[in-house]
Amino acid sequence: MPVLTGVSFRLAPGEGLVLRGANGIGKTTLLRTVAGLQPPLSGTIEGAGERAGYASHADGIKPALTVAETLQFWADLYRAELPEDVFELFDLADLRDRSAGTLSAGQGRRLGLARLAVIGREVLLLDEPTVSLDAFSVKRFASFLRERHLARGGIAVIATHIDLGLDLPTLDLTPYRAAHDAAGGSDEAFL
Amino acid sequence: MPVLTGVSFRLAPGEGLVLRGANGIGKTTLLRTVAGLQPPLSGTIEGAGERAGYASHADGIKPALTVAETLQFWADLYRAELPEDVFELFDLADLRDRSAGTLSAGQGRRLGLARLAVIGREVLLLDEPTVSLDAFSVKRFASFLRERHLARGGIAVIATHIDLGLDLPTLDLTPYRAAHDAAGGSDEAFL
Amino acid sequence: MSIWSYANPRKFLDTTEPWVPWLMWLSAAVLAVGLVWGFFFTPEAERFGSSVKIIYLHVPSALMAINAWLMMLVASLIWLIRRHHVSALAARAAAPVGLVMTLIALVTGAIWGQPMWGTWWAWDPRLTSFLILFLFYLGYIALWAAIPDPDSAADLTSVLCLVGSVFAVLSRYAVNFWNQGLHQGASLSLDKQENVADVFWVPLLVCMAGFVLLFLALVLLRTGTEIRARRIGALRARARRSEPVRA
Amino acid sequence: MDLGRYAAEVISAWGVSLALLAALVWWSVRRDRRVRAELERTERDHG
Amino acid sequence: MRALLTRDLRLAVRAGGGFGLGLAFFLIVVVLVPFGVGPEADILARIAPGILWVAALLAALLSLDRIFALDHEDGSLPLLATAPLPLEMLALAKAAAHWVTTGLPLVVAAPLLGVLLHLPGQAMPWLLVSLALGTPALSLIGTFGAALTVGLRRGGLLLSLIVLPLYVPVLIFGAEAARRGAEGLPAQTPLLLLAGIGLGCAALLPFATAAALRVTLR
Amino acid sequence: MRALLTRDLRLAVRAGGGFGLGLAFFLIVVVLVPFGVGPEADILARIAPGILWVAALLAALLSLDRIFALDHEDGSLPLLATAPLPLEMLALAKAAAHWVTTGLPLVVAAPLLGVLLHLPGQAMPWLLVSLALGTPALSLIGTFGAALTVGLRRGGLLLSLIVLPLYVPVLIFGAEAARRGAEGLPAQTPLLLLAGIGLGCAALLPFATAAALRVTLR
Ligand code: HEM
Ligand SMILES: Nc1ncnc2c1ncn2[C@@H]1O[C@H](COP(=O)(O)OP(=O)(O)OP(=O)(O)O)[C@@H](O)[C@H]1O
Ligand SMILES: Nc1ncnc2c1ncn2[C@@H]1O[C@H](COP(=O)(O)OP(=O)(O)OP(=O)(O)O)[C@@H](O)[C@H]1O
Ligand SMILES: [Mg+2]
Ligand SMILES: [Mg+2]
């Protein structure tokens, strides 16, 4: 069943885009599609795929691993080096050897975001990255995005309900909401 | 290990309190303690317990039940009537017969909050209730709290990082952060 | 016009719909002829006595149990390769029919075993592989039922059907290796000398034709049901989408 | 019609099988009817 | 309590809920044993009562972790615990729902599976009675074990480890009753003991379960 | 792939991770059977190879749902799937981790448990070889089943239902080899067949697993 139609954007290196729209408009769906986790009903996605790193509502944190082990694992899996400063960057230095299961909601979120700095992907797809973060951590994350990621030629697509303080172009998805007679979807054949 | 020390507040019917504080300061811990889900290391909680309804970071949603069935279940369990207008109040009327597993993040959160309107408890303990909600839904929830809950003599304690637009007294937990050598905890006996 | 045009649900329904009642009645008639013939107008066999009459239900249902799985395998392949919804739904529709056929073969065999072998159940290879087939049907149907999204369900059950078919053949050999059986050999094959006498053979053939027709009728009917159920889902979904956007 | 020694077996085998077949047909037809009715209702409401 | 029971049953019957799957597991264990042990009828008949009981026990065991874990994962459990329902009642309702969805179907299916293992006909009633008396105890004990392990991520196998020793008396008396029945010996004594265990579990274990829940919740 | 394997092994070894619990389950099933069947040594010796194989199979089965479900629940699975690693490799790594944490300990523990069931000494090497050849196939098949059911909330028992018929050939050849060994008959043929099945599974099933994962992820 189509959720959004006619959405189209193209980002050059160093550019970011903020997705906005009411609950249930289809931000998560769009990000997952761009990440290649579900096929689009129609249209094409170019250039993402192998270059994209996706951060979902859930953080994929294993309670049994420590913070340091978690980040090391993702670095290994993506065949990247673990950057020295990632613990400072996401304010995790004190929590380095804490098992991830005992983190508070916001601390866990910071760990989930730190993963993105570790895997070294150029295209970051962020689904409400600042949920549960306090104001200070939000600022910190915004400056990470601006100075570390975008400044180095990365691309970011961010779905969010709150203002991150980044001056990025905003795409409001409301006008693209699929009309009732929109084509597409596996059930289409039965109409 | 103690997280917070010296916190103390007392709320009369109709009063609300907003808890603030950086990630990991102990908001969730405090709310769980007040709800009676974990015992305080020292000090006492009065008057909550049987009268409290707690909403955690997770929403307790069963993917296999529909939205209407979920709310009906909670109403039955708390021996309350399902209020007629709860679906409108939380903007769930369209989603009434959708199975809860297919809701978007914000829609699920609205369902989790609607539960609070159903169980009819006087003391609501809300842990970041507006996570994932869009601006419109946040307003709607704030007005529910103000006009339906507090106006009828309810009490609310709300941990949040963003401003809900409610003019409630705010308690910043930062000063109560327990020192590293604070007393308390089950390991005490071995010191 | 290519045969794939029948993969359109509407066209499939329009084409098959008129056939279903006729097929139903035809299969009922053929079955009635075969079964009445078999029950009332066949002699007793020397080794089996009158218990041979069970064969008129046992063998056709056993054949259809296997053929239903084969049909599901073909339909699954078509779905995986060409992604025609009707074919996935046909596989789904055939599974319960195959399950019941397997059950009938098992039950009649078990009842027959009591006088012939002195036991309800023996771990004979043919019996055992039917039991395994029964389990495959159960798992396949349960997987269909457990997955909410119909397309994902079609994909996953098709993969299961493929892998399951390989393992079903494997277990057939394994079971043969494991135990030498009590069961009748395949004396129905036409090229063998020890063919059953025509008095049994002809009504049995009629019964088999009846079972084939009944299978066809049921699968067409049930495929139609599945198509309509999907259409209901599609209409509801469209209606839900068309509800006014919140102010 | 004399089934002799095996009357019980033959009759119970036939009974069970025909019952199973009848149940399968009945269940399929009933489900088809229901789905048809439901589809008609849905087409009327949302068609 | 009614609300909870109907919710749990409804969840079990829904797609993916697991109703009937415990039964299927029972069936499958019984089917596998001859593949392992070999097809000889006399040996199978000899071990049938024991295997059926062990299979019933394992089928019950496998569905234990659903009792609380699902509610724990999605955050329902603290909400249930703060509902106006004593935790003891919650425990009893959960055990009852578990029995209806797993124990009862096993009792109903046992005669059929007995045939697969060549269980002698005269043993059947004894097997049924022993299962009917024993499975509620299995559900009650299992609920207790599930409450103990609910905090632990996927404590499924740990749960088995904790619960199985507690199951031993039930298994011994249950299988003994079925075995004596199969051999035509009097089986009243083990059945009485089995009934006694069942009643004791129903009377006492909900309190232990509630106590365990209070700890795992904090 | 190395990183994934070490992570899965590390997770398994950590508290609550399940390493050793499959083993404990194996132990407990083997211990329960004498309670159910009765203590006579000759009967136990006769059924020992079969019971050990069935117990190994159940122990493997019970740990299957950990393979993907945990990663699915906490949202790791999409992240793993978008890593620079083909899904087929992911499937293979998961199966390998499962085998190291469950299959391997079972092979090591089998001699001990054989003694509990009075397994004759000459049968031991055959039992060991058959388990060593058969358990990798169990892990591979189980990974496939787990991939099929991963989207479904706690599809544990459905998983058993789907996987067990697939396990039948492995069980038959494995138990047959052990049984023949116990009776002093030649057991090469079933062992060869077992090895063939294992190789076939390793060559083909990762593709089916990856296909299933692609569907469940979307
Ligand atoms: C649950 C048990 C049984 C199952 C699953 C079963 C299965 C089958 C199958 C699959 C066939 C068709 C094979 C073919 O045509 O090549 C068949 C045929 C047949 N079965 Fe059974 N059977 C069972 C028990 C029995 C018993 C107990 C008897 C009687 C002693 C029996 C007698 C026959 C006969 C006479 C045929 C026809 C064989 C021929 O002429 O080709 N079956 N059975
Ligand atoms: N399986 C499904 N069946 C039907 N509708 C679905 C299904 N999954 C998602 N939806 C609907 O698709 C729409 C888009 O969902 P999506 O998760 O993309 O929203 P979102 O923009 O991320 O919302 P939020 O801000 O609340 O996270 C929602 O209305 C949701 O209810
Ligand atoms: N089991 C544990 N062991 C050690 N520390 C823990 C444990 N559980 C929680 N903590 C710590 O206790 C502190 C309080 O956690 P709590 O979840 O109450 O924070 P919070 O204020 O709710 O934060 P957030 O805004 O991120 O949700 C955190 O620093 C957390 O890391
Ligand atoms: Mg979303
Ligand atoms: Mg918190």
Side-chain angles (χ1 to χ4, degrees), chain E residues 15-18 20-25 27-29 31-38 40 43-44 46-55 57-59 61-63 65-66 69-70 73-74 149 151-161 164-165 167-169 171-172 174-176 178-179, chain F residues 15-18 20-25 27-29 31-38 40 43-44 46-55 57-59 61-63 65-66 69-70 73-74 149 151-161 164-165 167-169 171-172 174-176 178-179:
Chain E
L21 286 168
L23 187 59
F25 182 79
L27 172 82
I28 291 175
V29 171
V31 169
L32 283 185
V33 166
F35 290 130
V37 170
E40 293 85 357
I43 291 191
L44 287 177
R46 172 65 188 75
I47 63 175
I51 295 295
L52 282 170
W53 252 97
V54 171
L57 197 150
L58 292 175
L61 195 72
L62 280 188
S63 44
D65 64 343
R66 307 181 70 93
L70 284 178
E73 273 163 26
D74 64 13
T149 52
L152 318 174
R153 281 234 131 200
R154 205 52 68 97
L157 281 170
L158 173 61
L159 172 59
S160 316
L161 192 59
L164 269 172
Y167 276 180
V168 167
L171 172 63
I172 290 182
E176 183 72 19
R179 208 133 43 87
Chain F
L21 287 170
L23 190 57
F25 181 79
L27 173 81
I28 290 176
V29 172
V31 169
L32 281 186
V33 165
F35 287 125
V37 170
E40 293 86 354
I43 290 193
L44 286 178
R46 173 65 189 75
I47 64 174
I51 295 294
L52 283 170
W53 251 97
V54 171
L57 197 152
L58 292 175
L61 194 72
L62 281 188
S63 44
D65 64 342
R66 308 179 71 93
L70 284 178
E73 273 163 26
D74 65 13
T149 52
L152 318 174
R153 283 232 132 199
R154 205 53 68 95
L157 283 169
L158 174 61
L159 172 59
S160 315
L161 182 62
L164 270 172
Y167 274 0
V168 167
L171 172 62
I172 287 183
E176 182 75 20
R179 208 134 44 88

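Throughout, protein chains are lettered first and strands after them, A, B, ... in sequence-line order, and every chain is numbered starting at 1.
- For E/Pro49, the side chain to side chain contact (heavy atoms under 4.5 Å, CB included) partners at least two apart in sequence or on another chain are E/Leu119, E/Ala178, E/Ala182.
- Of the two parts of E/Leu52, neither the backbone nor the side chain holds a non-hydrogen atom closer than 4.5 Å to a non-hydrogen atom of chain F.
- Salt-bridge annotation for E/Glu40 and E/Arg46: absent, with no side-chain N of the basic residue lying under 4.0 Å from a carboxylate O of the acidic one.
- Checked against side chain to side chain contact (heavy atoms under 4.5 Å, CB included), E/Glu176 has the following partners two or more places apart in sequence or in another chain: E/Arg179, E/Arg180, E/Pro190.
- Taking F/Leu61, F/Ile47, F/Leu58, F/Val54 one by one and counting their heavy-atom pairs under 4.5 Å with chain E, the maximum is reached by F/Ile47.
- Counting heavy atoms from C-beta on, the side chains of F/Leu164 and F/Leu57 come closer than 4.5 Å.
- In terms of heavy-atom pairs under 4.5 angstrom with chain E, the leader among F/Leu27, F/Val33, F/Ile43 is F/Ile43.
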